Amino acid sequence: MNETDLPPAERIARLRESLARHDRLYHREARPEISDQDYDRLKRELADLEAAHPELAAADSPTAAVGDDRIEGFVRRRHRLAMLSLDNTYSEAELRAFDQRLRKLFPDSALAYLVEPKIDGVAVSLTYENGRLVHGLTRGNGVEGDDVTANLRTIADLPDRLRGADHPRLIEIRGEVYFTLEEFQRINAEREEAGLEAYANPRNLAAGTLKQLDAREVARRRLHIVLYGFGHCEPEVFQHQSEVHPRLRDWGLPGLERHWRADGIDAVWSAIGELDALRAGFAYATDGAVVKLDALSLQAEAGFTAKAPRWAIAYKFAAERAETLLRAIRIQVGRTGVLTPVAELEPVLLAGSTVSRATLHNEDEIRRKDVREGDTVVVEKAGEIIPAVVSVRHDLRPSDSRPFNFPKECPECETPAVRLPGEVAWRCPNSACPRQVRRRLQHFASKACLDIDGLGEAVVDQLVEKDLVRTLPDLYRLTRGDLLRIDHFADKAADNLKTALDRSRTAELWRVIHGLGIPQVGATAAKDLARAFGDLNRLAEADLETLQRIDGIGEKTAHGIRAFFNEPANRALLDDLASAGLRPSPPAGAAGGDGPLAGKTFVLTGTLPNLTRPQATEKIEAAGGRVTGSVSKKTDYVVAGEEAGSKLAKAERLGVPVLDEAALLKLLAG
Ligand code: IVH
């Protein structure tokens, strides 16, 4: 029997069970297994059944709840005004029915609405008291959320203080935290290289990031925020929702790119059309429009149902989907040996571009969806998100189809693959595997690393094929004669590449650190490490504790670095790079090695009696120390002068030693 033909009581029970599971995956674990649209469809089916069979309704049904994102490890706080969700619809008719209901309530009014993008991020509520950010909460269960203030403070666009003096004494400002598509792709690529599970989309990554217990790990990812509304506000300062956006901007908060005031539902519908045409250009992903009554007095009159306002509705854009043939599953070998399965698709047009490949992430993912070669699959592209295989048309499966067997050996060098405990990925453990060698060289030469002009992927491929290069240092031993053996390379190309290679011998240190391909170390961490150590060998020798004391380096990264340099082959690589003539340039102000303050981190606060802040910074850096802007457990000293503020208080709370100017000078003198 088909699932949907079950007796209502049974179908309701199944739907509740399945929705509860998807709620957990989405809200608490940030790894949903079905698309939002499929989730909404299940929820709608349950709501319809419950409406048709009121005797089967239940207070704890997923249709009655807002979801719950609270997890262990965070302090919980109550929202002053509850954070509810919105009713949503994919249908124009239902949108018009929403307007009709409101017009019945307000018969004389020509209803003015505000149409806003519905941001596909993670909801947060920020409390500003007397213009200062005091805490930031997740939605939680709507009534009480997790206090994620420390994580939110890592967001560069989020001011600690509201600009100007014209703000209410106490206000909860509501918005969404998100990642740009580029940052999402950067982090996922790093995760896949490290053998970790990739996040399905930027929203899940943002949810997972906000729930990191170590704010330093959060700081390594560039989160953004956008604010669009408010909760509790004392005294009340707004009469219309449309006043909120310019005010938020005046206070220095990042706001919506666009919003539309629309008189009547026809104007709303055309604004939604405009939004759909524009939204691909927004910094954040959007999955619909939120339509709100503009006048707050009317909002108050319309009121709420148990979980959502009657004065607002979300109109969601359907994700574009297409069906196509999965021709083959190919295994890609990454630079750290991770084996990533990729679906080769019969090219299909989807949301304006032709899609011919989609990542399948890892073996578990293939097994969970039971994806097979020769299947007809449904691919989806939601907004500007990369295409994903969302499901398989089991009804169209050829009768001779077989489950996909993830290869147990490297497709390139045939070395038996290994799967390390705690990792989702299989790896080729042979570091001399030609595919890995190529990828390592390509990474090293890429723009984000040594940026070696003329050493693109095709040239690397030939250097490896012709056995001219096996390791990174081999690059620096290439002669002009070697380079002339590359296809289509005449004198000029060879000379240019030789010059570029020679120039890269003194590249900035962080580029070399990034280029080594240390697990977990991207460009940002590489810059932090370069600044902290100023030298490759000192980095290689640093113990776990020293690594973890560096701002921006969390526990996982520190372990990744240690594991990398514990490999004798990687230590030999450093020696070999040095003897091939690589002399990376340390950044100005890097921990200068032998100074009396080498490796120490300082924070300056208040006004010192004699030294200006730049002078104090210069002295500390010249002695090998580092000056940062915020106090954490990793701060060695806080130097405090007159009118020192919250940084001093924080130092005292964390037990960080506090120096005055005289004590600093003594320390500088060694
Ligand atoms: S207003 C009483 N406006 O979508 C609820 N919400 O599915 C008022 N969201 O809970 C919410 N963009 O987390 C509002 N422009 C926008 C939004 C927006 C995204 C989120 C928010 C809300 C959820 C509802």
Side-chain angles (χ1 to χ4, degrees), residues 23 26-27 32 36-37 39-40 43-44 47 62-63 65-69 79-90 95 98 113-126 136-143 145-146 148 172-178 202-204 206-207 210 224-233 238 240-242 244-245 248-249 253-262 268 271-272 275-276 278-279 282-294 296 298-300 302-317 382-383:
D23 274 332
Y26 183 93
H27 290 290
D36 288 5
Q37 205 170 342
Y39 175 88
D40 290 338
K43 202 155 181 175
R44 172 56 67 97
T63 51
V66 225
D68 190 351
D69 68 42
H79 300 294
R80 286 191 162 86
L81 186 76
M83 286 180 87
L84 300 181
S85 63
L86 290 175
D87 284 334
N88 66 49
T89 178
Y90 291 86
L95 179 70
F98 156 80
Y113 291 104
L114 207 67
V115 178
E116 298 172 358
K118 182 172 185 330
I119 299 130
D120 194 14
V122 180
V124 291
S125 178
L126 310 172
L137 312 182
T138 63
R139 184 210 311 275
N141 63 357
V143 173
D146 280 341
V148 290
E172 288 178 323
I173 299 178
R174 304 252 158 108
E176 305 268 315
V177 159
Y178 68 94
R203 201 212 79 89
N204 299 126
L210 213 50
H224 293 275
I225 193 165
V226 52
L227 289 322
Y228 54 71
F230 69 99
H232 180 77
C233 181
F238 298 114
H240 294 91
Q241 172 67 19
S242 51
V244 175
H245 303 300
L248 294 179
R249 192 131 339 120
L253 295 167
L256 296 175
E257 249 120 336
R258 282 289 304 266
H259 60 271
W260 290 258
R261 247 197 57 119
V268 165
I272 289 177
L275 166 63
D276 196 16
L278 289 175
R279 66 197 182 105
F282 293 173
Y284 36 77
T286 51
D287 59 351
V290 180
V291 181
K292 307 173 178 176
L293 270 181
D294 192 25
L296 301 191
L298 298 189
Q299 288 188 5
F304 294 84
T305 66
K307 52 163 249 197
R310 289 201 182 85
W311 44 264
I313 193 167
Y315 174 84
K316 292 217 196 166
F317 299 120

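Here the structure is a predicted model, which is why all the values come from computation and not from measurement. Atoms within a ligand are numbered from 1 in the order they appear, just like the ligands themselves.
- Tested against K316, the residues T89, D36, D40 include a single side-chain hydrogen bond (donor to acceptor under 3.5 Å, both in side chains) partner, D40.
- In terms of protein heavy-atom proximity, atom 5 (C) of ligand 1 is nearest to L84 O, 3.5 Å.
- Scanning the protein for heavy atoms near atom 12 (N) of ligand 1, the closest one is I119 N, 3.0 Å.
- The contact set between ligand 1 and L86, taken as ligand atoms under 4.0 Å from a residue heavy atom, comprises 5 (C), 24 (C).
- With ligand atoms numbered from 1 in the order given, ligand 1 contributes 2 (C) to contacts under 4.0 Å with heavy atoms of P309.
- In plain terms, the two heavy atoms of L275 and F282 that are nearest each other are CD1-CE1, 3.7 Å.
- Using modelled atom types and a 3.5 Å distance limit, the side chains of Q241 and Q299 yield no donor-acceptor pair.
- When the options R139, K292, K316, K118 are ranked by their closest heavy atom to atom 3 (N) of ligand 1, first place goes to K292.
- Under a 4.0 Å N-O distance rule, the pair D69/R139 does not qualify as a salt bridge.
- Paired with Y284 under the rule side chain to side chain contact (heavy atoms under 4.5 Å, CB included), one option of R203, H224, E257 passes, and it is E257.
- If you run side chain to side chain contact (heavy atoms under 4.5 Å, CB included) between T138 and each of V122, V177, V148, only V148 comes through.
- Near E176, with a cut-off below 4.0 Å to any heavy atom, the atoms of ligand 1 are 9 (N), 13 (O), 19 (C), 20 (C), 21 (C).
- Heavy-atom separations between M83 and ligand 1 are all 4.0 Å or longer.
- Here is the list of ligand 1 atoms found below 4.0 Å of a heavy atom in A123: 13 (O).
- Among protein heavy atoms, the minimum distance from atom 14 (C) of ligand 1 is reached at Y228 CE1, 3.2 Å.
- Closest non-hydrogen pair, P309 versus S85, comes out as CD-O, 3.3 Å.
- Within the structure, the closest approach of P117 to ligand 1 falls below 4.0 Å when heavy atoms are considered.
- Of the residues H259, K292, R258, the one that meets the side-chain hydrogen bond (donor to acceptor under 3.5 Å, both in side chains) test with E116 is K292.
- Close contacts of ligand 1 with E116, meaning ligand atoms under 4.0 Å from a residue heavy atom, involve 3 (N), 15 (N), 16 (C).
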